Number of protein chains: 4
Amino acid sequence: MTDKKERIINTALILFANDGYNAVSTSKIAKEAGVSEGLIFKHFSNKKGLLDAIVKGAECRTGEFFAPILEEMEPLEVIKQLIILPFMAIHEDSYSYWKLQFKLKWQEEYNKPNNFKPLLDKLTWAFNELGYKEPAMEAEILMKVLDGIAISILREGLEGQLKFKAFLLEKYIK
Amino acid sequence: MTDKKERIINTALILFANDGYNAVSTSKIAKEAGVSEGLIFKHFSNKKGLLDAIVKGAECRTGEFFAPILEEMEPLEVIKQLIILPFMAIHEDSYSYWKLQFKLKWQEEYNKPNNFKPLLDKLTWAFNELGYKEPAMEAEILMKVLDGIAISILREGLEGQLKFKAFLLEKYIK
Amino acid sequence: MTDKKERIINTALILFANDGYNAVSTSKIAKEAGVSEGLIFKHFSNKKGLLDAIVKGAECRTGEFFAPILEEMEPLEVIKQLIILPFMAIHEDSYSYWKLQFKLKWQEEYNKPNNFKPLLDKLTWAFNELGYKEPAMEAEILMKVLDGIAISILREGLEGQLKFKAFLLEKYIK
Amino acid sequence: MTDKKERIINTALILFANDGYNAVSTSKIAKEAGVSEGLIFKHFSNKKGLLDAIVKGAECRTGEFFAPILEEMEPLEVIKQLIILPFMAIHEDSYSYWKLQFKLKWQEEYNKPNNFKPLLDKLTWAFNELGYKEPAMEAEILMKVLDGIAISILREGLEGQLKFKAFLLEKYIK
DNA sequence: CATGAATGAGCGTTCATTCAT
DNA sequence: CATGAATGAACGCTCATTCAT
């Protein structure tokens with residue numbers, strides 16, 4: 001991957017995450033990245049192709065966070081690691097990746113397969129192992145909470161949400 | 001309010017909710033509403049002004065749903081009514097209002113003050129009345145769950161989420 | 001039809017006829033016509049739509065030349081009028097219309113139905129009435145000659161071809 | 001001539017003939033020919049230079065068809081061979097050469113000297129030898145017919161035009 | 001109140017061409 | 001000889017907005 005191609009991806013990621021895919025023009029990306037506009041299309045064919053390349057790259061990075069949880073065989077540890085996931089994963093480096101991810105959810109036309117399904121299944125398994133009466137529903141509820149926390153972190157920063165880490169760990173892990 | 005002005009608002013609401021504010025052109029709104037494009041600007045001066053008018057109208061309607069909860073003085077009843085709120089509020093008539101509301105949350109440029117703050121405060125009060133140890137945090141958590149449910153209803157329909165109503169009522173009301 | 005709309009059509013006709021449809025940009029048409037580029041698309045939706053409007057207009061004008069021939073019931077008169085047709089029809093006013101017509105023939109993608117078929121049929125009828133052995137072939141041959149003359153007129157002017165009028169009339173009408 | 005250079009010429013010829021010079025991009029030629037786009041400019045400096053190379057090559061090939069006619073000293077044989085020329089020359093191998101040739105006639109900017117002038121002169125000579133009253137005009141008329149036949153062959157295939165071969169031979173050779 | 005002709009800036013994209021390797 | 005990254009100008013087209021009527 002050439003330097004300029006990488007600069008396009010990085011610039012576009014940040015701009016897309018901040019302003020939304022539609023609101024960012026390819027000319028702005030090019031200008032910001034210090035590249036000619038045509039180069040974007042040489043490398044990615046489309047504006048959409050550029051987005052795809054970004055998302056694919058992001059999936060690799062987020063996958064790294066998911067893998068250890070999916071492999072964990074201790075139910076309580078699964079729940080614990082899932083609770084602390086949003087607090088660990090959304091740091092400076094990957095902030096834009098996550099923000100883009102959540103923004104795209106509201107972009108009807110960009111219907112990528114649900115990224116979080118494997119985590120939900122694992123969580124259901126954990127609740128089941130622990131003898132919860134309604135493991136599937138417990139899992140979905142906790143996921144909604146963590147989703148909400150992630151959204152708040154992305155919008156208002158980490159600090160305001162940190163209190164929930166201890167609270168949820170206490171509630172679910174005791 | 002003239003007939004045509006109202007038609008513009010109603011048409012734009014539906015289009016904005018479905019396709020997003022940026023993706024809908026004023027020309028499409030005019031065509032769909034059966035009015036001239038110029039009329040939109042006579043009435044609302046801006047495309048943004050049209051959005052503001054819609055949001056203001058929406059706030060009135062959603063406020064009607066919030067009022068009885070805010071006036072309720074029985075803590076358990078507050079929680080109960082809040083839990084069933086997303087299942088009651090998001091029906092055909094107001095579906096577009098809510099969808100637009102949630103979509104706008106992700107448009108950075110449209111940063112209206114948090115609509116749900118009064119509800120959150122009331123919920124905190126209720127949990128406090130009921131002797132919960134961390135009423136503020138309990139309230140925020142429940143709000144995040146309900147937020148997540150509302151989002152799912154808007155994206156996938158009511159049916160898949162109905163199960164959570166009973167589950168949450170059982171959990172919080174016993 | 002507004003003044004500007006008409007100016008767009010007239011300007012585009014001349015440019016298309018001279019330089020070819022693909023070689024003329026909408027921005028050039030707008031500039032030459034003294035109009036904003038956007039207006040072209042307001043009136044004709046497409047660049048292609050503009051071409052269609054021109055061709056439709058041209059068909060009316062060329063139809064006026066064809067009608068009297070198609071109604072003529074005297075075989076010799078049919079042939080005579082057809083021979084003099086290219087010399088009469090391609091004058092200053094309609095020069096661009098014909099040039100465009102012939103140019104579009106080589107534009108594979110623009111496959112309009114054969115305009116000259118009715119004339120060919122009438123000519124075949126005339127040759128048949130006059131007792132020619134192979135009226136269909138005689139008609140096609142004469143049409144090819146007249147086609148060739150029209151092409152030469154469009155490319156090199158009327159003068160060089162005028163001699164053929166007398167020659168052909170002598171040959172076919174005696 | 002290197003293999004790749006030849007591949008560029010052959011590919012471009014076919015593409016130009018089918019889609020027209022302007023409609024074919026250098027990138028498409030490169031892709032289709034399996035070479036890098038830069039190589040086209042190394043060899044021909046311009047897109048126009050590539051076209052020139054093709055046309056020059058084509059002139060050699062078409063010249064091979066003209067030579068025997070120009071050398072023929074029997075008037076009737078000249079006419080006969082000229083009549084059958086379009087039916088002989090436009091076969092699979094050289095189809096694209098002729099199609100391109102005729103297409104370029106309508107590109108104003110590509111005004112190459114009339115290729116067919118020597119043939120016309122020879123034909124005039126032949127008609128003169130045979131005692132025709134207006135040999136020059138007879139020659140031009142027959143050339144226009146053959147031109148029209150060539151065009152029809154290129155656009156609709158050989159079959160529909162074959163009938164004219166016998167008809168014209170009968171008419172001119174008896 | 002309402003229309004619709006008209007605009008100008010910007011969009012995503014294509015293209016012929018250059019140049020370092 | 002050959003590549004392919006890179007460019008800049010132009011393209012067809014969309015858009016929010018203005019204004020005379």
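The analysis underlying the following values was restricted to heavy atoms, covering all of them including side chains, and did not include hydrogens, waters or symmetry mates. Lettering follows sequence order; numbering is per chain, from 1. Every value quoted in this text rests on a predicted model; they were computed, and no experiment measured them.
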- Note on the structure: Walking DNA chain E from its 5' end, the first of B/Leu39 and C/Gly34 to be reached, judged by nearest nucleotide, is B/Leu39
- Message: What I want to find out is whether A/Asp52 reaches A/Lys56 closely enough, with some N-O distance under 4.0 Å, to be called a salt bridge.
- Response: no
Expected rows: protein N/O vs nucleotides 12-16 of chain E N/O, under 3.5 Å:
| residue | atom | partner | partner atom | Å |
| --- | --- | --- | --- | --- |
| E/dG12 | OP1 | A/Lys47 | NZ | 2.7 |
| E/dG12 | OP2 | A/Thr26 | N | 2.7 |
| E/dG12 | OP2 | A/Thr26 | OG1 | 3.0 |
| E/dT13 | OP1 | A/Asn46 | OD1 | 3.4 |
| E/dT13 | OP2 | A/Lys47 | N | 2.8 |
| E/dA16 | OP1 | D/Val24 | O | 3.4 |
| E/dA16 | OP1 | D/Lys47 | NZ | 2.6 |
| E/dA16 | OP2 | D/Thr26 | N | 2.6 |
| E/dA16 | OP2 | D/Thr26 | OG1 | 3.0 |

- By nearest-heavy-atom nucleotide on DNA chain E, the more 5' of B/Val35 and C/His43 is B/Val35
- Donor on one side chain, acceptor on other, C/Glu32 and C/Thr11, under 3.5 Å: no
- Under a criterion of less than 4.0 angstrom to any heavy atom of chain B, what are the 5'-terminal and 3'-terminal contacting nucleotides of DNA chain F? F/dC15 to F/dT18
- Item | Pairing stems for DNA chain E [at least three consecutive pairs; Watson-Crick or G-U; under 3.5 angstrom] | E:2-21 with F:2-21
- Is the shortest heavy-atom distance from the side chain of D/Ile14 to the side chain of D/Asn18 under 4.5 Å? yes
- Item | Residues from residues 3-13 of chain D lying under 4.0 Å of DNA chain E - heavy atoms | none
- Could you go through the side chain to side chain contact (heavy atoms under 4.5 Å, CB included) check for C/Leu100 and C/Leu51 one step at a time? CA-CA 10 Å; C/Leu100 178 59; C/Leu51 178 58; 4.3 Å; yes
- Is the backbone N or O of D/Ala89 less than 3.5 Å from a side-chain atom of D/Ser94, with the two atoms forming a donor-acceptor pair by type? yes
- Task: Give the C-alpha distance, both sets of side-chain angles, the deciding distance and a yes or no for side chain to side chain contact (heavy atoms under 4.5 Å, CB included) between C/Thr26 and C/Phe41.
- Result: CA-CA 9 Å; C/Thr26 50; C/Phe41 297 91; 3.8 Å; yes
- For A/Phe102, side chain to side chain contact (heavy atoms under 4.5 Å, CB included) partners two or more places apart: A/Trp98, A/Lys105, A/Asp147, A/Ala150, A/Ile151, A/Leu154, B/Trp106
- Please lay out, stage by stage, how D/Thr2 and D/Glu6 fare under the test side chain to side chain contact (heavy atoms under 4.5 Å, CB included). CA-CA 6 Å; D/Thr2 62; D/Glu6 210 162 0; over 6 Å; no
- With sequence neighbours left out, write down each residue that passes ring pair (Phe, Tyr, Trp, His ring centres under 6.0 Å) with A/Tyr21, or none if nothing qualifies. A/Phe16
- Query: Have B/Ser27 and B/Glu37 got a donor and an acceptor in their side chains that come within less than 3.5 Å?
  - Reply: no
- Heavy-atom distance under 4.5 Å between the side chains of A/Lys5 and A/Val35, does that happen here? no
- For C/Lys4 and C/Ala33, indicate whether the former's side chain and the latter's backbone hold a donor-acceptor pair under 3.5 Å. no
- Message: What's the separation between atom CD1 in D/Ile9 and atom CZ in D/Arg7, rounded to the nearest 0.5 Å?
- Response: 12.5 Å
